[in-house]
There are 2 protein chains.
Amino acid sequence: MPPRATQKQSEPDAVLVSQDVLSRLKGDILDGRFAPGARLRFAELQKTYEAGIGTLREALSHLLPEGLVELDANRGFRVAAISAEDLRDVSALHIEFEQRAIVESVRHGDDAWEAGLVLAFHRLAKIERLPREERRQRSSEWLAAHREFHRALVAACPSRWLLRLRAQMYDHMERYRLVSQRHRPLGPAKRAEHEAIRDAALARKPEQAGELLAAHLRETTETVLRHAPQFMPPP
Amino acid sequence: MPPRATQKQSEPDAVLVSQDVLSRLKGDILDGRFAPGARLRFAELQKTYEAGIGTLREALSHLLPEGLVELDANRGFRVAAISAEDLRDVSALHIEFEQRAIVESVRHGDDAWEAGLVLAFHRLAKIERLPREERRQRSSEWLAAHREFHRALVAACPSRWLLRLRAQMYDHMERYRLVSQRHRPLGPAKRAEHEAIRDAALARKPEQAGELLAAHLRETTETVLRHAPQFMPPP
DNA sequence: GCGGGCCATATTTTCGAAGATACTTGATTG
DNA sequence: CAATCAAGTATCTTCGAAAATATGGCCCGC
């Protein structure tokens, strides 16, 4: 039996199931669909993601060194806990990585980087201009656009490792933002701040862009910390 | 068939096979038993580690975000490549993390930390005093003691994330050291340097300890870089 | 009533077979 | 001779069954 139409041209989305499960699982942890500290049972995961146990273990093993899940022997996986202390720790490193990365990025960025940044800001601004209600419904689009904007800012930084670590910390900060968002009023729009950062980057002012970005992030962290008692575990 | 002697008393090392495979695999990558860039075939791994495919995939998935192995779809896992550029990148971040961590560690360390540091140095020094030949044979012991000494130095740093990232970068630097060591004469003993760092730490001089540690690491990196053409991929 | 052991249930962990996908080889054609 | 294609081989990927381990409930002796 021919094993399907033999399409020789390699599909661009020759994606692995485990990678797909990984990204969905990660997204579900980041936006709090799985509560911090919650156990992740295979029976449940199998239904949700329509994948075998081995595939799920593979995805969870990937998230282990990133610090998003934890494992204790013979008792399975748990979503990593959160705490004000951890938030401060994550945030301090995140801000520093972002600042250093954007400084280098502005210094090294070429035309393609500029174009990517302009585009990313445009997409983010477009979503942010939508009426409040529609933005709510399409929150995952805003999330992706916001993530992509911040990625575009630092994309030209030549240190691959700094970018890697920055991305890791961004993930953790996003989780804190999203978990806290369910327990506090939506913060004010940050379009003006984003625009100012973009302008400083395009004007090739590395230090200014870095300062603006750091201030932007510090403010977010403080907002989250201010409402922390509402969603943090009481210890 | 009885599935083995049923020893009910819970062994203290109720360790997972996957975790055991993980640590052995990681060690084998770090000390170059698997060449950088080499493919990791499951048939071979299965014999070496006496584990099932699923278990091996789990371990490899863990190493993926740490940057020690890479995966391309349907072509399996490879040991991450090395390059002079990557070495410089890794080293710069590693040195910085170590320096910041030791400064904080010296500031916050208590009696238990001091004791641990003294002990770790003692063990390392004991091995380094052995005759050259015996040290060669027991190189894995030296490796563990050296790693433990550096861990003990920074152990009291209160930032869990800084310690995590430091540990990651330490792993990568160790790989560069070990891979290069096969292509150059063994460097001079660093016992005096280690001792100086320990003394500065115990004397509660954070900045001095930080400077000594940073200098110590910079020197190592330069030694490795100096011999880089001999073991780096040509392109 | 209450702690401690024991069985039944729930869950995790390991493993290799079966299905996909890539690579090799060799024959064929322009 | 180079390029193309096809069958055969090698390898990766996915999956759930079976073993190993933990959890909860029950009974018993005190």
Side-chain angles (χ1 to χ4, degrees), chain A residues 1-25 29 34-35 37-65 68-80, chain B residues 1-25 29 34-35 37-65 68-80:
Chain A
M1 175 173 60
R4 213 186 284 197
T6 14
Q7 34 194 6
K8 187 57 184 291
Q9 71 275 24
S10 54
E11 292 279 329
D13 59 344
V15 85
L16 268 40
V17 173
S18 60
Q19 297 293 308
D20 182 51
V21 169
L22 170 61
S23 67
R24 284 193 287 155
L25 193 47
I29 289 173
F34 292 109
R39 277 192 72 177
L40 295 166
R41 288 192 177 80
F42 285 104
E44 185 189 353
L45 298 178
Q46 232 170 340
K47 288 175 198 163
T48 306
Y49 298 101
E50 294 170 325
I53 292 176
T55 307
L56 288 164
R57 277 192 85 86
E58 188 172 333
L60 290 167
S61 297
H62 192 123
L63 294 175
L64 213 40
L68 285 172
V69 304
E70 292 161 357
L71 169 67
D72 35 15
N74 296 320
R75 290 181 36 88
F77 292 87
R78 290 189 322 279
V79 178
Chain B
M1 176 172 58
R4 211 185 284 199
T6 11
Q7 33 193 8
K8 187 55 184 296
Q9 72 274 25
S10 56
E11 293 279 330
D13 58 343
V15 85
L16 267 41
V17 173
S18 60
Q19 298 293 306
D20 181 52
V21 169
L22 171 61
S23 67
R24 285 193 287 156
L25 193 47
I29 289 173
F34 293 108
R39 279 191 70 179
L40 295 165
R41 289 193 177 79
F42 284 105
E44 185 189 351
L45 298 179
Q46 232 170 339
K47 288 175 197 160
T48 306
Y49 298 100
E50 294 170 325
I53 293 176
T55 307
L56 288 165
R57 277 192 84 86
E58 188 173 331
L60 290 167
S61 297
H62 191 125
L63 294 175
L64 213 39
L68 285 171
V69 304
E70 292 161 356
L71 169 68
D72 35 19
N74 296 319
R75 289 179 38 87
F77 292 86
R78 290 188 322 280
V79 179

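In what follows, chains carry the letters A, B, and so on, assigned in the order in which the sequence lines appear, proteins first and then strands, with residues in each chain numbered from 1. As a basis for the values below, the full set of heavy atoms in this structure was taken, side chains included, without hydrogen atoms, waters or symmetry mates. Quick caveat: nothing in here was measured; it's all calculated off a predicted structure.
- A:Leu56 comes within 4.0 angstrom of no nucleic acid atom, judged by non-hydrogen atoms across all strands.
- In this structure, the CG atom of B:Leu22 is 14 Å from the P atom of C:dT13, given to the nearest Å.
- Put simply, CG on B:Asp20 is 14 Å from C1' on C:dT13, counting in whole angstrom units.
- Which of D:dT14, D:dT21, C:dA22 sits closest to the side chain of A:Leu16 comes down to D:dT14.
- When the P atom of C:dG16 is taken as reference, atom CD of B:Glu50 falls 11 Å away, rounded to whole Å.
- Note that CG of A:Leu56 and CG of A:Leu40 are 10.0 Å apart. Values are rounded to the nearest 0.5 Å.
- One can place CG of A:Asn74 at 11 Å from P of C:dT12, the figure rounded to the nearest angstrom.
- If B:Leu40 and B:Gly54 are placed on DNA chain D by their nearest nucleotide, the residue sitting closer to the 5' end is B:Leu40.
- Between A:Ser18 and the phosphate of D:dT14, there is a side-chain N or O to OP1/OP2 separation shorter than 4.0 Å.
- Contact check for A:Arg24 versus A:Thr48: no side-chain heavy atoms found under the 4.5 Å cut-off.
- The two residues B:Val79 and B:Ala35 come nearest to each other via the heavy atoms CB-O, 3.5 Å.
- Atoms CZ (B:Phe42) and P (C:dG19) sit 19 Å apart, rounded to a whole Å.
- The listed nucleotides are C:dC15, D:dC12, C:dT11; the one nearest the side chain of A:Arg39 is C:dT11.
- Listed pair A:Arg41 / C:dT12 fails the phosphate criterion, with no side-chain N or O lying under 4.0 Å from OP1 or OP2.
- Nearest nucleotide to the B:Ile53 side chain, out of D:dG16, D:dC12, D:dT14: D:dT14.
- At least one side-chain heavy atom of A:Asn74 sits less than 4.5 Å from a side-chain heavy atom of B:Leu16.
- Within the 4.0 angstrom heavy-atom criterion, only backbone atoms of the sugar-phosphate kind lie near B:Gln46; the bases stay farther away.
- Between C:dT14, C:dG16, D:dT14, one nucleotide has an atom nearer to the side chain of B:Glu58 than all others, and that is C:dT14.
- Nearest approach of B:Leu25 to B:Ala59, heavy atoms of both residues: CD2-CB, 4.3 Å.
- The nucleotide whose nearest atom lies closest to any side-chain atom of B:Ala51 is, among C:dT14, C:dC15, D:dC15, C:dC15.
- Residue B:Arg57 places at least one side-chain N or O closer than 4.0 Å to OP1 or OP2 of D:dT13.
- As judged by a 4.0 angstrom heavy-atom cut-off over every strand, B:Leu45 is placed among residues making no nucleic acid contact.
- Rounded to whole Å, atom C1' of D:dA22 lies 11 Å from atom CG of A:Asp72.
- Of the candidates D:dT13, C:dT14, C:dT11, D:dT13 carries the atom nearest the B:Leu71 side chain, counting heavy atoms from C-beta on.
- Taking the six-membered ring where the residue is Trp, A:Phe34 and A:Tyr49 present tilted rings, their angle falling between 30° and 60°.
- With C:dC15, D:dT13, C:dT12 as the choices, the nucleotide that has an atom nearest any side-chain atom of B:Phe77 turns out to be D:dT13.
- Straight-line distance from the CG atom of A:Leu60 to the P atom of C:dT12: 10 Å, rounded to whole Å.
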